[in-house]
Every structure is written in structure tokens, then in C-alpha cells.
Amino acid sequence: MSQAQPGTPYEHTCMIRGDGGQSIRAVLDRICDKWTLLIVATLDEKRMRFGELQQHIPGISQRMLTLTLRHLTRDGLVSRTAFAEVPPRVEYALTPLGKSLIPPALALAGWAMENNARIMESRAAHDTADGRPVPPAE
């Protein structure tokens, strides 16, 4: 593979990192995970306790919420505050770094909504050409 030349549109891609893109892929794997984006979007509204977060994110298991919150805390996107009370209380909130993820996430979600019909049409055309049955539209 060729290296991107300084001053080209690709100078900020993984091609110039010298690690084969591993560091960028690791970050993108985390933030592009469906649970990460749902947790970040939910915490954009306010600080929340674990149970409250779970109620606001349909379909997430306790285990997946726990793992994702651990990863987001480790990555510095979410803060975890434990209060010395009985019973113990823990709250999660977005850090400034986590808040900085909101605009690009909204832009990506907007792109997906804008292009959803075209993508569905393309899938249906592809599946029809392949002879596979086309699933009903949702």
C-alpha cells in the first residue's frame, strides 16, 4: 500500500499512522458499536444511574450495558461517580470528550436517515437480481 502524501485529502487517515490503521480501527470499533452510540445519546440528556440507563435503552442486557459502560469509562467518554450512601448510588455522565462525539454521531445518523430509502431500494434490487426473496418493507 502506498503512503498518503502530506497535503492530500487522505493525510489524516490510517494510512499515515504507520500501524496499519490499528489505533484508528480500535477507536472506530468502540464508537461505532450500536450500544455505545445509544448510551452516549441517552447520557447527552442528563446524568443517569445504571437502572435508569437500562430503561432508556430498549434491548440492552445488563451484561452488555455493564461492559459498554466499562469501556466508555476506560476510554474517557463517560464518567462514573460512586456516592458513599446506603444503598450505594452510582451515576454515569458524559465527559467533555464524550460530549464531543454527539455532533459527528448526529451527522452520521442524519446521513443514514437521509439515505435510508436509497439503501433499501439498492438492497431490494440486489437481492432480486440474486434471485433471493425480498423481505417485506418495514
Side-chain angles (χ1 to χ4, degrees):
M1 267 195 269
S2 63
Q3 288 285 97
Q5 298 301 313
T8 68
Y10 306 106
E11 77 176 295
H12 297 294
T13 68
C14 61
M15 297 301 292
I16 65 164
R17 300 244 356 138
D19 65 358
Q22 286 181 315
S23 56
I24 290 174
R25 277 197 312 272
V27 171
L28 290 176
D29 283 348
R30 173 81 64 238
I31 63 173
C32 292
D33 172 83
K34 70 178 179 179
W35 298 122
T36 292
L37 290 179
L38 289 171
I39 290 169
V40 168
T42 303
L43 287 174
D44 187 37
E45 298 172 8
K46 64 178 184 171
R47 304 175 67 83
M48 290 188 184
R49 294 175 71 171
F50 186 92
E52 190 178 9
L53 257 173
Q54 193 171 19
Q55 288 174 349
H56 280 82
I57 304 172
I60 193 167
S61 67
Q62 182 173 343
R63 180 180 183 278
M64 196 40 87
L65 181 56
T66 299
L67 287 173
T68 307
L69 284 169
R70 265 191 212 141
H71 292 304
L72 293 174
T73 301
R74 180 176 181 245
D75 291 344
L77 299 172
V78 169
S79 66
R80 179 184 186 277
T81 306
F83 295 90
E85 299 175 351
V86 177
R89 177 172 54 110
V90 176
E91 290 183 347
Y92 297 91
L94 287 184
T95 63
L97 182 61
K99 286 183 184 294
S100 74
L101 181 56
I102 297 295
L106 289 175
L108 185 57
W111 180 90
M113 290 186 302
E114 226 175 84
N115 293 287
N116 187 49
R118 291 172 59 193
I119 291 169
M120 293 298 122
E121 289 168 11
S122 180
R123 286 179 182 174
H126 181 272
D127 292 350
T128 301
D130 283 355
R132 289 185 255 164
V134 179
E138 293 180 18

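- Here Glu91 does not pair with Lys46 in a salt bridge; the nearest charged N to carboxylate O distance is not below 4.0 Å.
- Residues Ser100 and Pro103 approach most closely at O-CD, 3.5 Å, considering heavy atoms.
- Salt-bridge annotation for Glu121 and Arg123: absent, with no side-chain N of the basic residue lying under 4.0 Å from a carboxylate O of the acidic one.
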Trp35/Ile57 under side-chain contact (heavy atoms from CB on, under 4.5 Å): CA gap, chis, key distance, verdict:
CA-CA 8 Å; Trp35 298 122; Ile57 304 172; 3.8 Å; yes
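- Between the CZ atom of Arg30 and the OG1 atom of Thr68 there is a distance of 8.0 Å, given to the nearest 0.5 Å.
- Checked by atom type, the side-chain pair Arg47/Thr81 shows a donor-acceptor distance below 3.5 Å.
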Please lay out, stage by stage, how Leu38 and Ile60 fare under the test side-chain contact (heavy atoms from CB on, under 4.5 Å).
CA-CA 10 Å; Leu38 289 171; Ile60 193 167; over 6 Å; no
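- Counting only distance, with no hydrogens or angles, the side chain of Thr73 and the backbone of Leu69 share a donor-acceptor pair below 3.5 Å.
- Leu108 and Ile102 fall into different hydrophobic clusters, where Ile, Leu, Val, Met, Phe, Trp and Tyr residues are linked whenever their side-chain heavy atoms come under 4.5 Å apart, directly or through other members.
- In the hydrophobic clustering, where aliphatic and aromatic side chains (Ile, Leu, Val, Met, Phe, Trp, Tyr) are joined below 4.5 Å either directly or transitively, Trp111 groups with Ile119, Met120.
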Please walk me through it: do Met48 and Thr42 pass side-chain contact (heavy atoms from CB on, under 4.5 Å)?
CA-CA 9 Å; Met48 290 188 184; Thr42 303; 3.6 Å; yes
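- With a 6.0 Å radius and a threshold of 12 heavy atoms from other residues, nucleotides or ligands, Gln62 has its CD atom at or below the threshold.
- When all heavy atoms of Leu43 and Tyr92 are compared, the pair lying nearest together is CD2-O, 3.4 Å.
- In this structure a side-chain-to-backbone donor-acceptor pair under 3.5 Å is present from Asp33 to Thr36.
- Side chains of Leu65 and Ile39 form a contact here, defined as non-hydrogen atoms less than 4.5 Å apart.
- Following chains of ILVMFWY side-chain contacts shorter than 4.5 Å, one cannot reach Val27 starting from Leu67, and the two form parts of different hydrophobic clusters.
- In the hydrophobic cluster analysis, where Ile, Leu, Val, Met, Phe, Trp and Tyr join through side-chain heavy atoms closer than 4.5 angstrom, Leu97 is grouped together with Ile31.
- Checking side-chain atoms of Thr95 against main-chain N and O of Gly76 turns up a donor-acceptor pair under 3.5 Å.
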